[in-house]
Amino acid sequence: TAINLGTGRTAVAVSAGYQHTCAILDNGEAKCWGNDNYGGLGNGAGTYNLNAPSSTPIDLGSGRTAVAVATGYYHTCAILDNGDLKCWGYDSDGQLGDGGPYSAGNGAPSSNAINLGTGRTAVAVSAGYYHTCTTVDNRDRKRRRYGRQGQSGNGGTNTDNNAPSSTAINLAT
């Protein structure tokens with residue numbers, strides 16, 4: 001059975017996270033479904049389980065659409081049509097990149113985009129268990145939090161980086 005994304009709508013991108021899935025539709029809207037106990041669906045409703053996408057798309061901001069989506073462990077990030085990055089959901093270890101304190105669940109995207117650096121825009125995003133990585137327009141890689149197993153790429157084994165790094169990950173070895 002096909003997933004009902006709305007009348008005449010089709011998915012152009014899909015990402016499956018720990019217990020939720022998100023899709024970008026052919027009109028740039030984003031919709032998610034699955035387990036929402038930490039706000040990873042981005043609908044602000046706090047609905048525990050949503051077995052189908054909501055009829056209302058995620059509010060990405062006035063006139064904004066999604067061009068990429070990444071789902072992790074109860075959190076989701078989307079790159080918008082203007083290169084902004086917005087994230088929502090579980091923020092136990094800074095994976096949302098907003099620089100804020102621990103949050104058990106940010107159920108909707110913030111009205112402010114993630115600070116990727118002056119004049120920088122996102123071109124790719126990937127979400128993992130407790131971390132998120134972003135490639136910005138100058139090809140730098142920025143990472144957010146929880147590097148106890150080295151996910152942060154900064155050479156350390158334990159980080160506390162709740163906002164995108166101000167320096168790029170060194171990929172030359």
Side-chain angles (χ1 to χ4, degrees), residues 3-92 94-100 103-128 130-137 140-145 162-164:
I3 295 170
N4 181 2
L5 298 171
T7 304
R9 297 277 64 105
T10 59
V12 296
V14 176
S15 180
Y18 176 61
Q19 291 184 347
H20 68 294
T21 303
C22 296
I24 299 174
L25 309 185
D26 56 335
N27 63 356
E29 291 178 344
K31 292 186 176 184
C32 300
W33 59 96
N35 188 321
D36 192 33
N37 61 339
Y38 292 109
L41 301 185
N43 60 14
T47 306
Y48 185 71
N49 287 312
L50 191 59
N51 294 327
S54 170
S55 60
T56 306
I58 296 167
D59 182 4
L60 299 171
S62 181
R64 297 277 63 101
T65 59
V67 297
V69 64
T71 54
Y73 181 75
Y74 297 124
H75 72 286
T76 305
C77 294
I79 298 175
L80 308 186
D81 58 313
N82 63 354
D84 282 352
L85 180 69
K86 291 194 174 184
C87 300
W88 57 91
Y90 196 51
D91 196 21
S92 63
Q95 55 268 49
L96 298 186
D98 59 8
S103 170
N106 178 5
S110 170
S111 58
N112 298 318
I114 305 300
N115 180 358
L116 299 172
T118 304
R120 300 280 60 105
T121 57
V123 296
V125 63
S126 179
Y130 285 121
H131 61 286
T132 306
C133 292
T134 308
T135 301
V136 295
D137 58 331
D140 281 351
R141 273 72 171 177
K142 307 280 180 149
R143 80 267 183 233
R144 294 193 295 281
R145 192 52 162 94
N162 294 335

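Quantities reported herein were computed from a predicted structural model and do not represent experimental measurements. All heavy atoms count here, side chains included; hydrogens, waters and symmetry mates do not.
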Quick one: pull up NE2 in H20 and OG1 in T76 and give me the separation to the nearest 0.5 Å.
3.0 Å

Pairwise distance CG(L85) to OG1(T134) - rounded to 0.5 angstrom
5.0 Å

Exam field: side chain D91 to backbone L96, donor-acceptor pair closer than 3.5 Å
yes

In the structure I gave you, are the side-chain heavy atoms of N82 and T121 within less than 4.5 Å of one another anywhere?
no

Geometric class of the Y74/Y18 ring pair [parallel <30°, tilted 30-60°, perpendicular >60°]:
perpendicular

Check A127 against H75 and note the closest heavy-atom contact, atom names and distance.
CB-NE2, 3.7 Å

Atom OG1 of T71 and atom CD of Q19: how far apart are they, to the nearest 0.5 Å?
12.0 Å

Within the distance-only criterion (no hydrogens, no angle test), does the side chain of K31 pair as donor or acceptor with the backbone N or O of L25 below 3.5 angstrom?
no

Roughly how far, to the nearest 0.5 Å, is CD1 of I79 from OG1 of T65?
12.0 Å

Where G8 and D26 come nearest, the two heavy atoms and their spacing
O-OD2, 4.0 Å

Grab the two heavy atoms, one from P109 and one from W88, that are nearest each other, plus how far apart they are.
CG-CE3, 3.3 Å

Separation between CG (L41) and CG (N35), nearest 0.5 Å, reads 7.5 Å

Decide yes or no for L50 and N43: does some side-chain heavy atom of the first lie under 4.5 Å from some side-chain heavy atom of the second?
yes

Are the side chain of T135 and the backbone N or O of V123 linked by a donor-acceptor pair below 3.5 Å?
no

In short, A11 meets A23 closest at the heavy-atom pair CB-CB, 4.2 Å

Quick one: pull up CG in D59 and OG in S110 and give me the separation to the nearest 0.5 Å.
11.0 Å

For the pair Y90 and Y38, name the ring-plane relationship: parallel under 30°, tilted 30 to 60°, perpendicular over 60°.
tilted

Shortest non-hydrogen separation from N27 to E29 and the atoms involved
OD1-N, 3.1 Å

